[in-house]
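The figures here come from the full heavy-atom set of this structure, side chains too, leaving out hydrogens, waters and symmetry mates. Note that the structure is predicted; figures quoted are calculated from it, not measured.
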Amino acid sequence: MGRENESEKEKEEEKGEVKGEVKGRTAVLVDFGGVITSSVLRAFTDFGASLGGDPRLPLDLLARDEPSRRLLADHECGRVDARAFERGFAERLRAHGADVPAEGLTARMQAGMSIDQEMLALLGDLRAAGRPLALVSNSFGTGTYDGVDLAAVADVVVISSEVGIRKPSRRIYAIACERLGVAPEEAVMIDDLRQNLDGAARIGIEGVLHTSAADTRRQLADRFGITA
């Protein structure tokens with residue numbers, strides 16, 4: 001009977017679900033696009049609508065078209081630069097009926113994104129409360145981080161193209177924790193994509209699914225000593 005209880009506890013620990021464990025988490029990892037900014041998915045859909053066809057075409061290609069998927073992975077991991085990605089993805093869009101110029105493509109895809117000042121305020125409150133904070137972001141295009149002083153936002157900045165690994169690989173989260181000097185079990189990850197939270201969970205990081213700054217603040221307020 002005792003061994004059965006131990007086995008159940010081990011299973012819970014693997015999932016990061018032991019009661020009371022959450023209270024011990026002290027560090028925060030946070031995504032950029034879709035968390036510190038407005039929705040990436042909405043911006044890409046708006047861009048798709050501007051092409052005059054199916055608004056979801058860019059997202060569908062990046063999710064399901066194998067050449068586009070490879071291009072995105074290579075770009076996010078720093079194996080191809082923004083210009084090469086733009087040329088390749090413009091070709092894929094043209095192959096599916098959308099005649100677009102390659103130059104400046106990533107900027108046009110992100111044109112509908114804006115910085116969420118409420119999220120910046122929340123991250124500022126976390127740092128003021130002494131919570132170690134790392135930005136963990138899959139890079140995309142050029143100028144993505146313009147207008148934000150990343151060093152003022154986070155103690156540690158981990159960009160996929162700079163480390164050669166992208167979310168949801170567990171290694172990128174491990175790098176962030178190592179640079180912060182915390183164990184994964186001491187951290188939470190804020191992201192707007194479930195798949196990225198699932199990747200973080202594989203090494204013991206608890207996930208906070210971001211839908212709005214207000215909701216994320218409510219989820220973090222009690223455990224991190226900030227106002228709701």
Side-chain angles (χ1 to χ4, degrees), residues 5-41 115-138 145 148-160 163 165-228:
N5 288 340
E6 288 177 11
S7 179
E8 287 303 312
K9 184 173 183 293
E10 287 167 1
K11 288 177 184 177
E12 289 177 343
E13 286 174 345
E14 287 175 4
K15 298 178 194 174
E17 295 176 352
V18 175
K19 291 180 180 178
E21 183 186 16
V22 169
K23 297 294 185 182
R25 295 182 188 267
T26 59
V28 176
L29 280 56
V30 63
D31 180 30
F32 186 82
V35 176
I36 292 176
T37 75
S38 57
S39 171
V40 176
L41 303 182
I115 302 301
D116 188 333
Q117 297 299 327
E118 290 185 20
M119 271 307 297
L120 288 183
L122 168 55
L123 299 178
D125 288 349
L126 288 167
R127 293 193 77 188
R131 305 304 184 179
L133 199 151
L135 178 75
V136 185
S137 173
N138 285 349
Y145 308 105
V148 179
D149 182 356
L150 298 185
V153 169
D155 301 292
V156 165
V157 176
V158 181
I159 306 295
S160 63
V163 297
I165 307 163
R166 66 175 186 156
K167 296 179 295 182
S169 169
R170 68 189 72 184
R171 181 59 187 148
I172 195 168
Y173 308 107
I175 290 171
C177 289
E178 289 164 7
R179 292 183 180 180
L180 281 179
V182 302
E185 294 79 11
E186 297 176 277
V188 301
M189 174 76 202
I190 306 169
D191 205 294
D192 62 320
L193 297 180
R194 173 61 66 185
Q195 67 205 44
N196 291 338
L197 298 180
D198 290 343
R202 288 198 293 270
I203 63 168
I205 298 172
E206 184 198 358
V208 173
L209 184 63
H210 177 82
T211 57
S212 70
D215 181 66
T216 295
R217 180 179 284 274
R218 281 193 296 271
Q219 291 188 64
L220 299 180
D222 288 343
R223 76 186 70 163
F224 287 110
I226 58 174
T227 56

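In this structure, the separation between CG on Leu126 and OG1 on Thr26 is 11.5 Å, given to the nearest 0.5 Å. Of the inter-residue distances, the one linking Arg131 atom CZ with Leu220 atom CG reads 10.5 Å to the nearest 0.5 angstrom. Atom OG of Ser169 is separated from atom CD1 of Ile203 by 9.0 Å, given to the nearest 0.5 angstrom.
The shortest distance between side-chain heavy atoms of Val148 and Ile115 falls below 4.5 Å. Annotation: side chain of Leu122 is in contact with side chain of Thr216 (closest heavy-atom distance under 4.5 Å). You'll find the side chain of Leu29 reaches within 4.5 Å of the side chain of Leu180, heavy atoms only. Within the 4.5 Å cutoff, the side chain of Leu135 has heavy atoms near those of the Leu150 side chain. Contact of the Val136 side chain with the Phe32 side chain is not registered, since no non-hydrogen atoms from C-beta on lie closer than 4.5 Å.
The shortest non-hydrogen separation linking Cys177 to Pro184 is SG-CA, 3.8 Å. For the pair Ile36 and Met119, the tightest heavy-atom approach, listed with the atom from each and the gap, is CA-CB, 4.3 Å. In terms of heavy atoms, Val188 sits closest to Ile205 at C-CG2, 3.7 Å. Between Ala176 and Ala134, the shortest heavy-atom contact is CB-CB, 4.1 Å. Scanning both residues, Arg194 and Leu209, for their nearest heavy atoms gives NH2-CD2, 3.7 Å.
Among Ile190, Asp191, Val35, the single residue meeting the side chain to side chain contact (heavy atoms under 4.5 Å, CB included) criterion with Val208 is Ile190.
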Subject >> Intermediate values then yes/no, side chain to side chain contact (heavy atoms under 4.5 Å, CB included), Ser160 and Ile165 >> reply: CA-CA 5 Å; Ser160 63; Ile165 307 163; over 6 Å; no
**OP:** Using the side chain to side chain contact (heavy atoms under 4.5 Å, CB included) rule, take Val157 and Ser137 through it: C-alpha gap first, then chi angles, then the decisive distance, then the call.
**Re:** CA-CA 8 Å; Val157 176; Ser137 173; over 6 Å; no
**OP:** For salt bridge (charged side-chain N to carboxylate O under 4.0 Å, His left out), just list the numbers for Glu206 and Arg223, CA-CA rounded to whole Å, side-chain angles, deciding distance to a tenth of an Å, and then say yes or no.
**Re:** CA-CA 13 Å; Glu206 184 198 358; Arg223 76 186 70 163; 3.0 Å; yes
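Contacts classified as side-chain hydrogen bond (donor to acceptor under 3.5 Å, both in side chains) and involving residues 116-126 (residues at least two apart or in different chains) are given here: Asp125-Arg217. Sorted by first then second residue, the salt bridge (Lys or Arg N to Asp or Glu O under 4.0 Å) pairs that include residues 27-36, not counting sequence neighbours, are Asp31-Lys167.
With hydrogens and angles ignored, the 3.5 Å screen pairs a side-chain donor or acceptor of Arg202 with a backbone N or O of Pro168. Counting only distance, with no hydrogens or angles, the side chain of Thr37 and the backbone of Gly34 share a donor-acceptor pair below 3.5 Å. Put simply, the side chain of Arg25 gets close to the backbone of Glu185: a donor and an acceptor are under 3.5 Å apart. No side-chain donor-acceptor contact under 3.5 Å links Tyr173 to the backbone of Met189.
Not counting sequence neighbours, Asn138 has no partner by the side-chain hydrogen bond (donor to acceptor under 3.5 Å, both in side chains) test. Scanning for side-chain hydrogen bond (donor to acceptor under 3.5 Å, both in side chains) contacts around Ser39 gives an empty result, with sequence neighbours left out. Remark: Asp198 engages no residue in a side-chain hydrogen bond (donor to acceptor under 3.5 Å, both in side chains) (not counting sequence neighbours). For Arg127, the salt bridge (charged side-chain N to carboxylate O under 4.0 Å, His left out) partners at least two apart in sequence or on another chain are Asp155.
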